[in-house]
Amino acid sequence: MKNFKELKQSVSPRMKRCWGECCALFFISAGGITAGIFAWFLTTNYLLAMDIISSMNDPMALLAAVCVFLIMWIISVPYRYGSRWYRLQQVRGHAVHAKSVFSCYFSSKRLLQIYKLSASLTLRKSPLIVVMLLLVGAAIFYIIRFGGNEEAIYGFVSVVLIMILVVVYLMYTIINIKYTAAPYLFALGHDRPVKDIIKESVTFTKSKHGYMIEILRSCALMLIPCILVFPMIFVIPKMMMIYTAAINEMIENGFAEDRLVGMERRE
């Protein structure tokens, strides 16, 4: 399997042909995140103005945030799968039109399959997702609670919670590496039961955790220039293509092993 440097070299020729499309995908994703935050901001401010909630700590505020998140999830999931399909085709050397990213929205059958797979993966990841959400909630609560009063305690609590959140996120990513190939396997052949796709993803990523951790570490180092904000327009699209190429390596390797096993059984 190709290492990070080899993956980077392999995607460079493809990136030259689809830089515009990849940057457009970045802006669409960034716009979606911004729209979600803005929708949450407008919703909570409306609730405050109507005296439905008294503060950001009100349970109704949390319910409003959950509702906004669910709506954005429903809207964005088909796009996320479409963008993965687009990048996977580019990595495999197939020239496809960028508008195909939105093709999932025009098939009720495919939409249902996407939601089933995404919901199934979310349920499998839910224990750590709940922990992460609790930590985020705790961080927001204590930051609001202390405000600017006890600066020493405020700073200490903020740093500790952020460090814990980073550790939990890293654990979440590593533990769930076994599911990373599932969306891409769906993109290659979506007319299969969800459980078969997930099972195949677990099989293909087995013993590949070290490989993916190394790829993720190298991708994280690529993000350092993004501190300046502007470079992320170019860094993130290339990073996503490299990540897709790594997933493709695992899938191709898995298919090759399956064929080898099949040949040995026939013999």
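Not a single donor-acceptor pair under 3.5 Å links the side chain of Ser118 to the backbone N or O of Ile114. For the pair Glu6 (side chain) and Asn3 (backbone), a donor-acceptor distance under 3.5 Å is present. Under the 3.5 Å distance criterion, the side-chain polar atoms of Ser201 are left unmatched by any main-chain donor or acceptor of Ile197. A donor-acceptor pair is defined here as one N or O able to donate and one able to accept, closer than 3.5 Å; no such pair exists between the side chain of Gln89 and the backbone of Val96. Tyr179 places no side-chain N or O within 3.5 Å of a backbone atom of Arg124 that could act as its donor or acceptor partner. Side chain of Ser107 to backbone of Cys104: no donor-acceptor contact under 3.5 angstrom is found. A donor-acceptor pair under 3.5 Å links the side-chain atoms of Tyr105 to the main chain of Ile75, judged by distance alone. Looking at Ser120, its side chain never comes within 3.5 Å of a backbone N or O of Lys116 through a donor-acceptor pair.
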Stepwise side chain to side chain contact (heavy atoms under 4.5 Å, CB included) test for Arg192 and Glu200: CA-CA 11 Å; Arg192 289 186 295 160; Glu200 198 167 49; 2.7 Å; yes
Audit row: Val101, Tyr79, side chain to side chain contact (heavy atoms under 4.5 Å, CB included) steps and yes/no: CA-CA 6 Å; Val101 169; Tyr79 165 76; 3.5 Å; yes
Side chain to side chain contact (heavy atoms under 4.5 Å, CB included) between Val68 and Met72, worked out: CA-CA 6 Å; Val68 170; Met72 294 305 298; 4.3 Å; yes
Trace of the side chain to side chain contact (heavy atoms under 4.5 Å, CB included) decision for Arg217 with Glu214: CA-CA 5 Å; Arg217 184 190 67 82; Glu214 177 60 27; 2.7 Å; yes
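Interatomic distance, Ile247 CD1 to Ile177 CD1, rounded to the nearest 0.5 Å: 8.5 Å. With values rounded to the nearest 0.5 angstrom, Cys22 atom SG is found 5.0 Å from Tyr86 atom OH. Taken to the nearest 0.5 Å, the CG atom of Leu216 stands 11.0 Å off from the CG atom of Leu221. Rounding to the nearest 0.5 angstrom, the gap separating the CD1 atom in Ile37 from the CG atom in Leu42 is 12.0 Å. Between the CG atom of Leu25 and the CE atom of Met241 there is a distance of 9.5 Å, given to the nearest 0.5 Å. The CD atom of Gln9 sits 6.0 Å away from the NZ atom of Lys5 when rounded to the nearest 0.5 Å.
Residues Ile52 and Met60 have side chains in contact (heavy-atom distance under 4.5 Å, counting atoms from C-beta outward). Two residues are said to be in side-chain contact when any heavy atoms from C-beta on lie closer than 4.5 Å; Ile74 and Tyr115 meet this criterion. Within the 4.5 Å cutoff, no side-chain heavy atoms of Tyr184 are placed close to those of Arg87. Between Lys238 and Trp19 there is a side-chain heavy-atom pair separated by less than 4.5 Å. Considering only heavy atoms from C-beta on, Leu228 comes within 4.5 Å of Pro231 through its side chain. Side chains of Cys219 and Ile215 form a contact here, defined as non-hydrogen atoms less than 4.5 Å apart. Between Met222 and Phe4, the closest side-chain pair of non-hydrogen atoms falls below 4.5 Å. By the 4.5 Å heavy-atom criterion applied to side chains, Arg110 and Ser103 are counted as neighbours.
Of the residues listed (Leu7, Val91, Val11), the one engaging Thr244 in a side chain to side chain contact (heavy atoms under 4.5 Å, CB included) is Val91, and it is the only one.
Under the ring-ring contact (aromatic ring centres under 6.0 Å, His included) criterion, the residue pairs touching residues 224-252 are Phe230-Phe234, with sequence neighbours excluded. Sequence neighbours left out, not one pair with a member in residues 28-55 passes ring-ring contact (aromatic ring centres under 6.0 Å, His included).
Under the 4.5 Å side-chain heavy-atom criterion for ILVMFWY residues, a single connected hydrophobic cluster contains both Ile213 and Leu223. Transitive grouping of hydrophobic side chains (ILVMFWY, heavy atoms separated by less than 4.5 Å) keeps Ile71 and Val77 in distinct clusters. Cluster annotation: Met239 is connected to Ile233 through the hydrophobic network of ILVMFWY side chains, with a link wherever side-chain heavy atoms come within less than 4.5 Å. Under a hydrophobic-cluster definition in which Ile, Leu, Val, Met, Phe, Trp and Tyr are linked whenever side-chain heavy atoms come within less than 4.5 Å, directly or via other members, Ile242 and Leu88 are assigned to the same cluster. By the criterion of side-chain heavy atoms lying less than 4.5 angstrom apart, applied directly or through intervening Ile, Leu, Val, Met, Phe, Trp or Tyr residues, Val194 is grouped together with Leu111 in one hydrophobic cluster.
Taking every heavy atom of both residues into account, Ala182 and Leu117 meet most closely at O-CD2, 4.1 Å. When every heavy atom of Ser10 is checked against every heavy atom of Arg14, the shortest pair comes out as O-CG, 4.3 Å. Minimum interatomic distance between Lys2 and Tyr211 (heavy atoms only, all atoms of both residues): O-OH, 2.6 Å. Ala39 approaches Thr43 most closely through the heavy-atom pair O-OG1, 2.7 Å. Taking all atoms of both residues into account, the shortest heavy-atom contact from Phe204 to Met250 is CB-O, 4.2 Å. The nearest pair of heavy atoms linking Glu21 to Ala98 is CG-CB, 3.5 Å.
Classification of Glu249 and Lys208 as a salt-bridged pair fails, no side-chain N sitting under 4.0 Å from a carboxylate O. Taking 4.0 Å as the cut-off between side-chain N and carboxylate O, Arg92 and Glu252 count as a salt-bridged pair.
The environment of Lys178 atom NZ is sparse: at most 12 non-hydrogen atoms of other residues, nucleotides or ligands sit within 6.0 angstrom.
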